[in-house]
Amino acid sequence: MSFVEYSEFIQDGDVAIVYLGHDSMMPVKVQQGAQTQTRYGVIRHSTDLIGQRYGSKVTCSKGGWVHVLHPTPELWTVNLPHRTQILYTTDIANITMMLELKPGSIVCESGTGSGSLSHAILRTIAPTGHLHTVEFHQQRAEKVAEEFREHRVAHLVTVRNQDVCKEGFGVTGVADAVFLDIPCPWEAVGHAKAAMKKQGGRVCSFSPCIEQVQRTCEALAAQGFEEISTLEVLLRVHDVRTVTLPLPDFGPDAAGETAAPPPAAQNHASLTCKTTTPPREMAGHTGYLTFATKPRT
């Protein structure tokens, strides 16, 4: 199992996603002789998981069943242990696209946090790219490095425990793209520029407050970055449902036609169709994404 390559069968040491329902999943490290308790009963790793195909339907000890899914960055995002506030797929998809990431890209990231975005970047740049990620907090850096090893992507990533605003990314002139998710991104813009290739590249900064955005844009402009833009992604999911609508009675179609029967005798015609309805409530602001381009030097 790897987060960047698909495996057909579950093996000892894999991280699998136990799917109980759309809003109920959990990551499980598969180990010989281990057990996992669910509301449907116990899953025995040796007999129920190891050797089974990913996507299999597994019957638990109480008779209920679950599906066991191959891990992906999207599934990890909604199941990972939160050590910090994380980025979700709505923002991640835009970051990946706007930074123009592709297989072979070299990316610098700070801070690593819980590794939500990191896993998505690694899948995109595999098999020949590399991620240089910087985390200020020592315990978080050690934990995310351990997860990268468990998820078998450690060969694609270098984790550094340092202050990016003071020490930079630890590399110079190699990055195609830089991502900043730190309290004071304007203090790291100079280091971001130094880490990027002479051929240019893209930088993105995620900030929850508009005051942070203002200072970051000023720093980007001062460092010679171009095409500076900021966007906010708001997801509005419409519900698809079946509705029945009454057909209106407009009276006789032509003069001289027999008058309509009294209301009690009318056959009330209706139309049933699929339609969408907007949500009564929706997720609001998460953060602002500021993008800029480093010109060739």
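- Under the 4.5 Å side-chain heavy-atom criterion for grouping Ile, Leu, Val, Met, Phe, Trp and Tyr, Leu75 is not connected to Val18 through any hydrophobic cluster.
- For Ser116 and Thr77, the side-chain atoms include at least one donor-acceptor pair closer than 3.5 Å.
- Note: Glu167 CD to Phe136 CZ = 9.5 Å, rounded to the nearest 0.5 Å.
- The SG atom of Cys60 sits 11.5 Å away from atom CD of Gln35, with the distance rounded to the nearest 0.5 Å.
- Scanning all heavy atoms of the two residues, the minimum distance from Ser61 to Gly41 falls at OG-CA, 3.3 Å.
- Distance check: Ser46 OG to Asp12 CG gives 8.0 Å after rounding to the nearest 0.5 Å.
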Tell me, with the steps shown, if Glu74 and Arg123 meet salt bridge (charged side-chain N to carboxylate O under 4.0 Å, His left out).
CA-CA 11 Å; Glu74 290 78 17; Arg123 182 184 58 185; 2.5 Å; yes
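- Rounding to the nearest 0.5 angstrom, the gap separating the OG1 atom in Thr277 from the NE2 atom in His238 is 8.5 Å.
- Atoms CZ and NZ, on Phe148 and Lys143 in that order, are 12.5 Å from each other to the nearest 0.5 Å.
- For the pair Leu20 and Met26, the minimum side-chain heavy-atom distance is below 4.5 Å.
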Go through Ile50 and Val30 one step at a time and tell me if the side-chain contact (heavy atoms from CB on, under 4.5 Å) criterion holds.
CA-CA 7 Å; Ile50 296 176; Val30 179; 3.6 Å; yes
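- Side-chain contact between Val144 and Ser114 is absent, with no heavy-atom pair separated by less than 4.5 Å.
- Taking 4.5 Å as the limit, some side-chain heavy atom of Phe179 sits within range of a side-chain heavy atom of Phe206.
- The closest side-chain donor-acceptor pair between Thr242 and Lys274 falls under 3.5 angstrom.
- Look at Asp176 and Lys294 and you find no salt bridge, because none of the NZ, NE, NH1 or NH2 atoms lies under 4.0 Å from a carboxylate O.
- His67 and Ser56 share no donor-acceptor pair across their side chains, judged by distance under 3.5 Å alone.
- Linking Ile, Leu, Val, Met, Phe, Trp and Tyr whenever their side-chain heavy atoms come within less than 4.5 Å puts Ile86 and Val157 in one cluster.
- Closest heavy-atom contact between His155 and Arg152: CE1-O, 3.5 Å.
- Of all the heavy atoms in Leu245 and Cys273, the pair that sits closest is CD1-SG, 4.5 Å.
- Judged by distance alone, with hydrogens and angles left aside, the side-chain atoms of Thr89 form no donor-acceptor pair with the main-chain N or O of Ile92 at under 3.5 Å.
- Separation of atoms CZ (Arg202) and OG (Ser105) is listed at 13.0 Å; rounding is to 0.5 Å.
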For Met25 and Val78: C-alpha separation, side-chain torsions, deciding distance, then whether side-chain contact (heavy atoms from CB on, under 4.5 Å) applies.
CA-CA 8 Å; Met25 293 175 274; Val78 296; 4.0 Å; yes
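- When all heavy atoms of Ile43 and Val66 are compared, the pair lying nearest together is CD1-CG2, 3.7 Å.
- A distance-only check finds no donor-acceptor pair linking the side chain of Thr84 to the backbone of Gly113 [under 3.5 Å].
- Under the 4.5 Å side-chain criterion, counting only non-hydrogen atoms from C-beta, Ile210 is in contact with Tyr288.
- Ion pair Glu147/Arg83 flagged as a salt bridge, since at least one NZ, NE, NH1 or NH2 atom sits closer than 4.0 Å to an Asp/Glu carboxylate oxygen.
- Side chain of Ser7 to backbone of Met1: a donor-acceptor contact under 3.5 angstrom is found.
- Listed by chain and number, the residues in a salt bridge (Lys or Arg N to Asp or Glu O under 4.0 Å) with Glu150 are Lys29 (sequence neighbours excluded).
- Screening Tyr6, Tyr19, Phe3 for a ring-ring contact (aromatic ring centres under 6.0 Å, His included) involving His70 leaves a single residue, Tyr6.
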Show which side-chain atoms of residues 222-236 pair as donor or acceptor with protein atoms under 3.5 Å away, not counting sequence neighbours.
{"residue": "Glu227", "atom": "OE1", "partner": "Thr293", "partner atom": "OG1", "Å": "2.7"}
{"residue": "Thr230", "atom": "OG1", "partner": "Thr290", "partner atom": "OG1", "Å": "3.0"}
{"residue": "Glu232", "atom": "OE2", "partner": "His285", "partner atom": "ND1", "Å": "2.6"}

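- Using a 4.5 Å heavy-atom threshold, the side chains of Ile125 and Val107 count as touching.
- For the residue pair Glu135/Ser110, the side-chain donor-acceptor check at 3.5 Å is not satisfied.
- Ser205 is linked by a side chain to side chain donor-acceptor pair (under 3.5 Å) to nothing, counting only residues two or more places apart in sequence or in another chain.
- Asp14 places no side-chain N or O within 3.5 Å of a backbone atom of Ala16 that could act as its donor or acceptor partner.
- If you check the side chains of His151 and Ser2, you find no donor sitting under 3.5 Å from an acceptor.
- No single ILVMFWY cluster, assembled from side-chain heavy atoms under 4.5 Å apart, contains both Leu87 and Ile182.
- In this structure, Tyr88 and His82 have tilted ring planes: the angle between them lies in the 30° to 60° band.
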Kindly indicate, with the supporting measurements, whether the criterion side-chain contact (heavy atoms from CB on, under 4.5 Å) is fulfilled by Leu49 and Val68.
CA-CA 8 Å; Leu49 297 183; Val68 183; 3.5 Å; yes
Verify salt bridge (charged side-chain N to carboxylate O under 4.0 Å, His left out) between Arg280 and Asp239, making sure each step is shown before the conclusion.
CA-CA 10 Å; Arg280 295 181 179 178; Asp239 293 326; over 6 Å; no
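- Hydrophobic clustering (side-chain heavy atoms under 4.5 Å, transitive across Ile, Leu, Val, Met, Phe, Trp, Tyr) keeps Val164 apart from Ile95.
- The backbone N or O of Trp76 sits nowhere less than 3.5 Å from a side-chain atom of Asn79 that would complete a donor-acceptor pair.
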Give the C-alpha distance, both sets of side-chain angles, the deciding distance and a yes or no for side-chain contact (heavy atoms from CB on, under 4.5 Å) between Phe169 and Val178.
CA-CA 10 Å; Phe169 292 93; Val178 175; 3.7 Å; yes
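- Taking hydrophobic clusters as Ile, Leu, Val, Met, Phe, Trp and Tyr residues chained together by side-chain heavy-atom distances below 4.5 Å, Val15 shares a cluster with Leu122.
- For Glu142 and Gln138, the side-chain atoms include at least one donor-acceptor pair closer than 3.5 Å.
- A 4.5 Å side-chain heavy-atom check between Val4 and Leu156 finds at least one atom pair inside the cut-off.
- Counting heavy atoms from C-beta outward, Cys204 and Leu180 have side chains that stay 4.5 Å or more apart.
- Between Leu101 and Ala177, the shortest heavy-atom distance links the atoms CD2-CB, 3.8 Å.
- Between Arg160 and Val171, the closest side-chain pair of non-hydrogen atoms falls below 4.5 Å.
- Closest of all the heavy-atom pairs between Ser118 and Glu109 is OG-OE1, 2.8 Å.
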